[in-house]
Amino acid sequence: MNLYSIRAIYIFEMSRTFRTLLQSVIAPIISTSLYFVVFGSAIGSRIQAIDNVDYGSFIVPGLIMLTVLVQSTSNAAFGIYFPKFIGTIYEPLTAPISYFEIVIGYVGAATTKSFSIGLIILLTSNLFVDVTIAHPVWMFLFLLMTCVSFSLFGFIIGVWAKNFEQLSLVTSLMITPLVFLGGSFYSISMLPEIWQKISLFNPIFYLVSGFRWSFYETADVAVHVSFIAVLAFSLLNLSLIGLIFKTGYKIKS
Amino acid sequence: MDHVISIKNLNKTFANGVMALKNVSLDVNSGEILALLGPNGAGKTTLISIACGLTYASSGQVFIAGYDIRKDYKAARRLVGLVPQEIALERYENVLDTVHFSRGLFGLPPDNALVEKTLRLLSLWDKRESSLRALSGGMKRRVLIAKALVHEPTIIFLDEPSAGVDVELRKEMWDVIKGLRDQGATVVLTTHYIEEAEELADRIAIIDKGAISLIEQKDQLIKQMGGKKIHIDLTEPCSSIPANLQKYDTHVTRDKKSLVYVCDTKYREKEIGLFLNDLHKTNLNIRDITTKEKTLEEIFMSIIEERKP
């Protein structure tokens, strides 16, 4: 394993975060705080508890997921798209590093950023509502797995995207709607039966459900199903990335 | 001869059907500067891109110091430094960080002394803290060279190293490139500037329409394909070539005030004397005679012209 190469990519990507601290960290914290103010305090106080959990507390895992999924995807996508856009991609492609090491560098940095933001939001949410974590190890594991799998997904998006518009379209037209429809702000048992069945096709539903279970021991599906879902999504993304590098899709001509 | 780069039967056809390389074979000797000359779209950059791992070949093989660039890519790439044609840099980084990044990318531990030495070599040390966006085009190109050198490659590919660089800086770069060769590095450069190839190259490879037309030692090439131009200024205009000079490669200039005789190297020894004898026998009044060797550019143009359909 070429640790110096991985370290170089990782430090380079992390330093971009520190250069753009306002956009990378402060902005998601502010927008999530606004969700707590509106849904948690203003509207949430008028909504009855779900599975004996106050509505304000109930939405914490979903809000963390919303931010983490968007951040993982967009950070990793931007991380690989930008070198393609400005031409500096020639450096990792001509360096003596394997594709796997390149992915560890980029995805590792995107995972670190989104994982950190997820933890910051968890701490911030404590300022607005009572948050209890029934299974902290599972909570960390779910958060980490989600960050990794969606950073891998973001890497694929970054390779695929032809322009900045396509880059942002995936998060705004795909990730955000799926998170909203994946039970972030409600339990799917509150939906009509047909929509409950449709929700089962939304992969993000499993992540939110499992993550919420680690907090409140309440879930829409069994926790092992959620864990298998996130694991399968990671493996699918890894396989696609392997294929991208093998064929040189949109990276090599 | 020790071949540090060996290219065998390389073909490249892009997805749009353009055949960029056609059965290219080329050996580069250790410690030499090889200039790849060719018009735009000839395949120079494609050839370098394949050797460096940026582009896949459709068929054929490339060996770097005996390592197959596909099978032993790590060992091969460790030896290679690439200076790309386009200036591709992260605008918001500073010089020092970007050079350290390049060294790290090659799997090497940080080496502040070497980074300093490299930046000093390229007159960039004073700019080490400068943001890359604040640098001039010439300085950015030097940063690209520093990034390519900081892992101490023994083979350096320079793709149009002096494109868009002013004359003074170009000469500085030439000194750097010669210095690399003197230290034992092998340099492959593509260039549009024939003057650059003439100044730097030990050998010249001419590539046109994806095929290598010619590979030759520069001096040998000039000797074989060069020649001498004898420019005869006349006191009286001359409308046609005198009969006894018509057997030579001669023409009258447009203003009819001069006669130009072009003598190929291979005929030079016997022909110049005969020509001067015959010239003496004409009734032309000569004001002055000047001579000039054919330049590499003229040789290059004549090769490209010969191959036009």
Side-chain angles (χ1 to χ4, degrees), chain A residues 1-24 78-106 108-109 158-159 162 164 243-253, chain B residues 12-16 18 20 45-46 48-58 64 67 69 72-94 97-111 131-132 144 147-148 151 153 157 159:
Chain A
M1 186 71 80
N2 200 336
L3 293 177
Y4 282 116
S5 305
I6 296 170
R7 179 177 171 264
I9 295 173
Y10 183 85
I11 289 175
F12 175 82
E13 281 300 302
M14 291 309 291
S15 65
R16 197 208 306 275
T17 309
F18 293 115
R19 278 202 301 269
T20 56
L21 204 62
L22 200 68
Q23 177 200 330
S24 304
F78 191 80
I80 188 68
Y81 176 76
F82 199 61
K84 267 176 52 190
F85 179 70
I86 62 172
T88 52
I89 190 76
Y90 85 88
E91 279 209 272
L93 293 181
T94 57
I97 49 176
S98 68
Y99 302 138
F100 188 58
E101 288 157 351
I102 292 177
V103 172
I104 293 177
Y106 281 108
V159 171
K162 279 186 196 158
F164 282 99
L243 200 63
I244 283 172
F245 279 115
K246 197 177 171 192
T247 58
Y249 173 73
K250 293 208 177 179
I251 284 190
K252 291 191 180 192
S253 47
Chain B
K12 175 66 187 177
T13 305
F14 285 106
N16 59 7
V18 172
T45 299
T46 305
I48 282 188
S49 297
I50 291 173
C52 292
L54 284 172
T55 301
Y56 288 132
S58 303
I64 303 274
Y67 297 113
I69 59 156
D72 305 311
Y73 70 97
K74 282 195 176 185
R77 288 184 196 170
R78 252 180 221 118
L79 304 171
V80 172
L82 168 68
V83 181
Q85 193 177 134
E86 302 292 330
I87 293 178
L89 291 165
E90 173 80 44
R91 285 167 53 81
Y92 296 97
E93 265 199 315
N94 70 28
D97 287 346
T98 198
V99 175
H100 275 295
F101 168 73
S102 298
R103 184 174 166 79
L105 211 49
F106 273 74
L108 297 169
D111 186 337
S131 169
L132 293 171
L144 288 178
K147 283 164 77 67
H151 64 278
F157 288 94
D159 197 0

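We name chains A, B, ... by the order of the sequence lines, and we start the count at 1 in each one. Note that the structure is predicted; figures quoted are calculated from it, not measured.
Using modelled atom types, no side-chain atom of B/Ser58 and backbone atom of B/Phe14 make a donor-acceptor pair closer than 3.5 Å. Side chain of A/Lys84 to backbone of A/Val159: a donor-acceptor contact under 3.5 angstrom is found. Judged by distance alone, with hydrogens and angles left aside, the side-chain atoms of A/Glu101 form a donor-acceptor pair with the main-chain N or O of A/Asn2 at under 3.5 Å.
Counting heavy-atom pairs closer than 4.5 Å to chain A, the top residue among B/His151, B/Arg103, B/Lys147 is B/Lys147. The most heavy-atom pairs under 4.5 Å with chain A, out of B/Ile50, B/Leu54, B/Thr55, come from B/Leu54. Counting heavy-atom pairs under 4.5 Å between each of B/Gly53, B/Ala148, B/Pro109 and chain A puts B/Pro109 at the top. Taking A/Ala95, A/Gly87, A/Gly105, A/Pro92 one by one and counting their heavy-atom pairs under 4.5 Å with chain B, the maximum is reached by A/Ala95.
For the atom pair CD1 (A/Ile80) and OH (A/Tyr106), the distance works out to 4.5 Å, reported to the nearest 0.5 Å. Between B/Ile87 atom CD1 and B/Gln85 atom CD the span is 10.5 Å, to the nearest 0.5 Å.
Here the side chains of A/Tyr90 and B/Glu86 are not in contact, with every heavy-atom distance at 4.5 Å or above.
Using a 4.5 Å cut-off between heavy atoms, B/Phe101 contacts chain A through both its backbone and its side chain. For B/Leu105, the parts lying near chain A are the backbone and the side chain together; criterion is any non-hydrogen pair under 4.5 Å. Heavy-atom distances place both the backbone and the side chain of B/Glu90 under 4.5 Å from chain A. Looking at A/Ser98, both its backbone and its side chain come within 4.5 Å of chain B, counting heavy atoms on both sides.
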task = Report the C-alpha distance between A/Arg7 and A/Ile11 in whole Å, list the side-chain angles of each, state the deciding distance to 0.1 Å, and finish with yes or no for side-chain contact (heavy atoms from CB on, under 4.5 Å).
result = CA-CA 6 Å; A/Arg7 179 177 171 264; A/Ile11 289 175; 3.6 Å; yes
task = Would you sort out whether A/Tyr99 and A/Lys246 count as a side-chain contact (heavy atoms from CB on, under 4.5 Å), showing the intermediate values?
result = CA-CA 9 Å; A/Tyr99 302 138; A/Lys246 197 177 171 192; over 6 Å; no
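Contacts with chain A (heavy atom to heavy atom, under 4.5 Å) involve these residues of residues 74-82 of chain B, listed by number: B/Lys74, B/Arg77, B/Arg78, B/Leu82.
Note: A/Tyr81 and A/Phe164 meet the aromatic proximity criterion, with ring centroids under 6.0 Å apart.
Within a 6.0 Å sphere centred on CZ of A/Phe100, other residues, nucleotides and ligands contribute 12 heavy atoms or fewer.
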